[in-house]
Amino acid sequence: MANPELAIIPQHVAIIMDGNGRWANKRGLPRTVGHSKGVEAVRETVRAAGEAGVKYLTLFAFSSENWSRPESEVNDLLGLLRRFIRRDLAELHRENVRIRVIGERDELQGDILPLLVEAEETTRFNTALTLVIAFNYGARNEIARAVAKLARDVEAGLLTAADIDADRISESLDTAGIPDPDLIIRTSGEERLSNFLLWQAAYSELVFLPEYWPDFDRKLFYDALRIFASRDRRFGGLSNQTAAVVG
Ligand code: FPP
């Protein structure tokens with residue numbers, strides 16, 4: 001990588017795309033325009049992540065709590081996701097992007113689940129960037145489903161309680177096989193995780209940006225990568241510098 005500040009590229013970047021509504025509000029536009037502009041920011045971010053050498057990009061597209069929004073807005077968000085898959089799948093496939101979907105699948109109605117599954121199936125052997133779409137996703141729900149699955153395995157005699165450790169829990173989550181996010185970005189100035197990847201975020205670096213999601217672009221993505229590269233990740237141990245002094 002030509003830029004020395006970007007010597008450390010996170011393997012997995014996860015993004016809470018926040019602020020579509022406020023972006024629109026500020027301009028006197030309907031919220032739906034903010035969401036549409038948000039999809040353009042998604043496209044640019046996927047390209048930037050692939051180009052930077054990021055291997056996994058997780059986007060919080062629709063939370064399990066988003067169903068409580070007015071029906072018209074829910075339909076709007078579902079429509080945008082639908083159109084994104086329909087219009088962009090061929091190009092993503094050409095670019096060797098693999099799509100994975102995390103979130104609760106039971107009881108999803110209509111064509112959205114078949115579309116997401118088709119995107120996963122079509123791209124399953126792709127090896128460049130993995131784009132993880134969090135849809136109908138809530139971390140507590142994901143953890144509860146994993147725990148219930150492990151309890152069923154114990155009941156069935158496939159496991160004992162003593163077999164359940166952190167690795168086994170990780171492998172029972174929707175993100176099984178995906179490394180934990182190194183970097184989580186949230187836009188719009190809010191500084192919380194809002195039920196996003198709670199288990200997986202144990203050692204993630206958090207970067208909060210003031211810009212609203214529709215304004216997010218390649219430059220802001222690289223800004224976040226630079227902030228990440230400047231952080232000293234210790235995972236509960238000592239920093240390299242301190243370790244050198246102590247050792
Ligand atoms: C937050 O803005 C954003 C969302 C709830 C959804 C994000 C969805 C998209 C960008 C479009 C579909 C996604 C893909 C992957 C194609 P907000 O409405 O909560 O903003 P506010 O907090 O300013 O009201």
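We count ligands from 1, going down the list as the structure has it; atoms in each ligand are counted the same way. Residues take their numbers from the sequence shown, with the count starting at 1. Because only heavy atoms are used, hydrogens play no part in the values below, and waters and symmetry mates are left out as well, while side chains stay in.
The contact set between ligand 1 and His35, taken as ligand atoms under 4.0 Å from a residue heavy atom, comprises 18 (O).
Ligand 1 is never approached by Ile133 to a heavy-atom distance shorter than 4.0 Å.
For ligand 1, the polar-atom distance check against Gly21 finds a nitrogen or oxygen pair separated by under 3.5 Å. Considering backbone and side-chain N/O of Trp23, none are found under 3.5 Å from N/O of ligand 1. Residue Asn66 places no N or O, backbone or side chain, under 3.5 Å from any N or O of ligand 1.
In this pair, Tyr56 and His12 present their aromatic rings tilted. The plane angle is within the 30 to 60° band. Between Phe221 and Phe216, the ring planes lie perpendicular to each other; the angle is over 60°, past the 30° to 60° tilted range.
Protein heavy atom closest to atom 11 (C) of ligand 1, with residue, atom name and distance, is Val39 CG2, 3.7 Å. Regarding atom 1 (C) of ligand 1, its nearest protein heavy-atom neighbour is Met17 O, 3.0 Å. Here the heavy atom of the protein found nearest to atom 14 (C) of ligand 1 is Leu81 CD1, 3.9 Å. The shortest contact between atom 22 (O) of ligand 1 and any protein heavy atom is with Arg22 NH2, 3.0 Å. Taking atom 10 (C) of ligand 1 as the reference point, the nearest protein heavy-atom neighbour is Asn20 ND2, 3.7 Å.
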Report task. Kindly indicate, with the supporting measurements, whether the criterion side-chain hydrogen bond (donor to acceptor under 3.5 Å, both in side chains) is fulfilled by Ser170 and Trp199. Result -> CA-CA 8 Å; Ser170 291; Trp199 174 273; 3.0 Å; yes

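Qualifying side-chain contact (heavy atoms from CB on, under 4.5 Å) partners for Phe235, counting only residues two or more places apart in sequence or in other chains: Tyr203, Arg233. For Arg168, there are no side chain to side chain donor-acceptor pair (under 3.5 Å) partners, not counting sequence neighbours.
The part of Arg69 lying near ligand 1 is the side chain, judged by heavy-atom distances below 4.0 Å.
No side-chain heavy atom of Arg86 sits less than 4.5 Å from a side-chain heavy atom of Arg83. Considering only heavy atoms from C-beta on, Trp213 comes within 4.5 Å of Ile15 through its side chain.
Here the rule is side-chain contact (heavy atoms from CB on, under 4.5 Å) with Leu59, and of Ile16, Val42, Val13 only Val42 fits it.
For atom 6 (C) of ligand 1, the nearest non-hydrogen atom from the set Gly79, Ala134, Ala61 belongs to Ala61.
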